[in-house]
Amino acid sequence: MNLESKYSYVLIVLITFLIGMGCEPKQSTNLAAHTLIPHPAEIVATGERFLLASTFTVQIADESLQNLADYLIGEKSLFKMVDSQDADLLLTLNANDQKLGEEGYELEITKSQISISANQPQGIFYGLQTLMQLMPLSGDESVELPTGTIRDYPRYAYRGSMLDVSRHFFGVDDVKRYIDFIAAYKMNILHLHLTDDQGWRIEIKSKPNLTAMGASTEVGGGPGGFYTQMQYLEMVQYAADRFITIIPEIDIPGHTQAALASYPELNCDGKAGKLYTGTKVGFSTLCTDSEATYQFVDVVIQELAAITPGPYIHIGGDESHATKKEDYIYFINRVQKIVSKYDKILIGWDEVAQGEIDNESMVQQWNSASNATLAAEKGNKIILSPAKLAYMDMKYDSTSRIGYDWAALIEVDQAYNWNPDTINETVSPQLIYGIEAPLWTETVENMKDIEYLVFPRLLGYAEIGWSPQSVRKWGDYRTRLATYGSRFEADDIGYYRSPLVDWGKRDSIFVK
Ligand code: ACM
């Protein structure tokens, strides 16, 4: 080949390549080929494309949505506010759509505009999460979205995750990052396990030793830590801005060594216990027949209720093996009265079903089907966190670098593939209030450890809580999940690359 024909050859190859690129749509025109997680309740695809250049204008039809527009612009800088009905994205509150309820939304994409409407701002927030998932990863490209309508609303009112900040302490910034994780998948509850044998993590002003002494260590002997009430309120607000309620847990009467080391009068022999940095459970108990214990619980719940705008206080109640059964029941009955006195609704681990709990109290099933049956017989609502399926501190397989395996090995398919309705034969599906995926942190020391155990299982739990059972299929979920690997990487999330998922390098959220 002479030089001239070499050049024309290169030119032809280049032109063919460029034409090819130009003809190839960067995104699908089929909205139903989305890889959204959680899967929406209803989708109608209309087969055209919405095209957009470098900015994306946003108009709000109601001033109460300003915070949400600000949130969106903070998350994705290509969005810009305008005051025009022709904006690319229109956010509107239009009450009167019964089916959408308090949390649902409708997202309509036409050739010329995207609109999100809902009965409440919370629905708009979830519509924005869906829209952000539909956008391509790299922000500098033009946006092409398939047209159609998504109508979406949750299966359960309670969709949560728990973070244990006692076994290892995690500071305010880590908790905020965790809140962002769960908000992106439309979860609405963060349960904080604030106290355990290894550390007391919340300031109680009238009991300063709880933090001066009881917060001073953690599993393995590290420095521990605690939240001041101001810091706690900052986290509560950060969560509320993302429509997440924080449920504080004070775990009593067992799991209390940090408190027993801080106040001698909580021990039946009147002597302070020792701080504990191991990982055993079931050895500690508050002295259940001493009035000092109930005075203590009263001031703790009083201060906690005052910094808890949400309706719930979690009192733990699990694994009180060092408390006699009749003492345990007496204790739970008295604590129920204290929680009610401060106008809060009691939640406890499944053992509390053995006490006389109020009708509106809720039982969190982690272990015992018979406790769930007991709760159901009394008409109490149940939150499902079955350890064998939903404990994110369980290893994925025997090679996982951290985690436990006492309940099960929980690969990504096991975490996803269960139906809350069929966990208990004796519990009517109407009594299931929702699901929660807990992360206990005995083996979890830092944010990277959190990310490794939580991602990608969290997305499956979010989908179990949100999506109708009829749209949930492991094979389809696995394909959708594969598109999130590059998204996790873009957010610097150190996830577990399960061999069950084909983690291709993808920029698009569409699979076809
Ligand atoms: C628990 O895992 N002890 C609730």
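Atoms within a ligand are numbered from 1 in the order they appear, just like the ligands themselves. For reference, positions follow the sequence shown, starting with 1.
Residues passing the side-chain contact (heavy atoms from CB on, under 4.5 Å) test with S361, sequence neighbours excluded: Q336, L346, I357, D358, N380.
Taking the six-membered ring where the residue is Trp, Y71 and F125 present tilted rings, their angle falling between 30° and 60°. By the 30° and 60° cut-offs, the orientation of the rings of F455 relative to F181 is perpendicular.
For the pair R457 and Y396, the cation-pi criterion (under 6.0 Å, within 45° of the ring axis) is fulfilled.
Once rounded to the nearest 0.5 Å, the distance linking CG of L500 with CG of D413 reads 5.0 Å.
Sorted by chain then number, the residues whose non-hydrogen atoms approach ligand 1 to under 4.0 Å are D318, E319, W349, W366, Y391, W440.
Remark: D502 does not engage R478 in a salt bridge, criterion side-chain N to carboxylate O under 4.0 Å.
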